[in-house]
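The block underneath contains the structure these notes are about, expressed in structure tokens.
Since the structure is predicted, the reported quantities are computational estimates derived from the model, not experimental observations. Each chain gets a letter, A, B and so on, in the order its sequence line appears, and its residues count up from 1.
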Number of protein chains: 2
Amino acid sequence: MFLSTSEHTADAKNRVSVPASYREALRDDPYDAIYVLPHFDGPFLECGGEQFIQQYRMDIANLPRYDRLRKDLEVAVLGSIRRLDFDSTGRVTLPKEFIAHANIEGRCAFVGCDAHFQIWNAETQTARMQAIRSRLAERLADPAEAERMGGGTDLGALMQNSESLQALLKGEKL
Amino acid sequence: MFLSTSEHTADAKNRVSVPASYREALRDDPYDAIYVLPHFDGPFLECGGEQFIQQYRMDIANLPRYDRLRKDLEVAVLGSIRRLDFDSTGRVTLPKEFIAHANIEGRCAFVGCDAHFQIWNAETQTARMQAIRSRLAERLADPAEAERMGGGTDLGALMQNSESLQALLKGEKL
DNA sequence: TGGGATAACATGGGAATTTATGGGAAACAA
DNA sequence: TTGTTTCCCATAAATTCCCATGTTATCCCA
């Protein structure tokens, strides 16, 4: 699980340290690497580990084989994603095209989003975070939106399928 | 698994370097080679390794023996595919007909699509990628299309409660 | 609860290796 | 021969590896 936001600097060789807590989350992956997609939805990179890439592969594989959307996705997603291997100190080297796509010069922000994380130009991200947070405050003031998030699913229901949560209930330290 | 797009040059002898990461993906194949099909769907070459050719063979073999589609596919697919062996530096020599079919003169682009990859004229591919990415951004802004891809299946949620799924993913070298 | 010791982390720079690509010689076919 | 194809070697650029260093966070003990 990728959580929290942190800033790092890309050096002259376009290397950036991936936050240690993110690397920890990737510890059991088959490759010591991250998969990175210059997202077509904006100037940022969408990244993650094995789970991230498999999710995309499966979503695409589940579409009919000669479907237009599928073909587009194969090219735009799989054709754009790259696997970036960690060096011995936990850095990855960002390809020039990725740097260009996300407007990264120097500082960049890592934003955790559970199963994936994003990399943004640091200033852009700061502004964006502000905007999102206030937009959200407004939205949740609307009862309909508030119900969409919260939606009746409570912890108890989740726990039925989660061993770790059940252990928590029983008082075990995790 | 073939991922990402990269450009290479075909030299005077029609040799092109296959991206190192693709060669890595083919490492366990019985031949040090790729299978290449001048695709009937456009000016590009569809390529892959053992998995790629076997998929086509099976699709065709599964059709009724005297089926017209089957006979057509046998000719158009199996009759057109060639196996191109790597030289000692990881290049293949493209036959003239393939060069002509895909309009390759000099630069060409390799586009990874998971189990196969495509080779395009570099400029054609650049334009095409642009078009696909913006088309996709628009399409996915439509909730109905977004749902087709993603469709409610959340691998991450599944995996948290399924040891067997996790084991499956970790054991699978892709 | 300080505050020093220790470990972990982020980052810089140079060396070594890999990759992409060009060109020539040897083998082969027409 | 003449034109192709295959193999081998050379080189430049890009990438990866390795070590060094300052900084931050964590631990431990008085």
Protein and nucleotides 15-24 of chain D: nitrogen or oxygen contacts under 3.5 angstrom:
none

Suppose we screen for salt bridge (charged side-chain N to carboxylate O under 4.0 Å, His left out). Which residues come up paired with R70(B), at least two apart in sequence or across chains? E74(B)
Just to verify, what does [X] make a side-chain contact (heavy atoms from CB on, under 4.5 Å) with, not counting sequence neighbours?
X       : result
D114(B) : R57(A), L78(A), M1(B)
A115(B) : Q51(B)
S21(A)  : P19(A)
S134(B) : none

In whole angstroms, how far is the C1' atom of dT4(D) from the CD atom of E97(B)? 14 Å
What range of DNA chain C does chain A touch, first nucleotide to last, counting atoms under 4.0 Å from its heavy atoms? dC9(C) to dG14(C)
Pair listing, ring pair (Phe, Tyr, Trp, His ring centres under 6.0 Å) test, anchored in residues 54-85 of chain B, at least two apart: F52(B)-Y56(B)
Mind checking ring pair (Phe, Tyr, Trp, His ring centres under 6.0 Å) for F98(A) and listing every partner two or more places apart, or none if nothing turns up? none
H116(B): ring pair (Phe, Tyr, Trp, His ring centres under 6.0 Å) partners, not counting sequence neighbours: none
For residues 29-40 of chain B, run the donor-acceptor check on the side chains, cut-off 3.5 Å, and write out each pair with its distance to 0.1 Å, sequence neighbours left out.
from, atom 1, to, atom 2, distance (Å)
D29(B), OD2, E50(B), N, 2.8
H39(B), ND1, D41(B), N, 3.0

When we call it a touch if two heavy atoms are under 4.0 Å apart, what does V92(A) touch: a base, just sugar-phosphate, or nothing? nothing
Using a cut-off of 4.0 Å on non-hydrogen atoms, how would the nucleic acid contact of S17(B) be classed: base, sugar-phosphate, or nothing? base
Rounded to 10°, tell me the angle between the two end axes of the helix from dT1(C)-dA30(D) to dC28(C)-dG3(D), each built from five pairs. 30°
Going by the angle between their ring planes, with limits at 30° and 60°, are F44(B) and W120(B) parallel, tilted or perpendicular? parallel
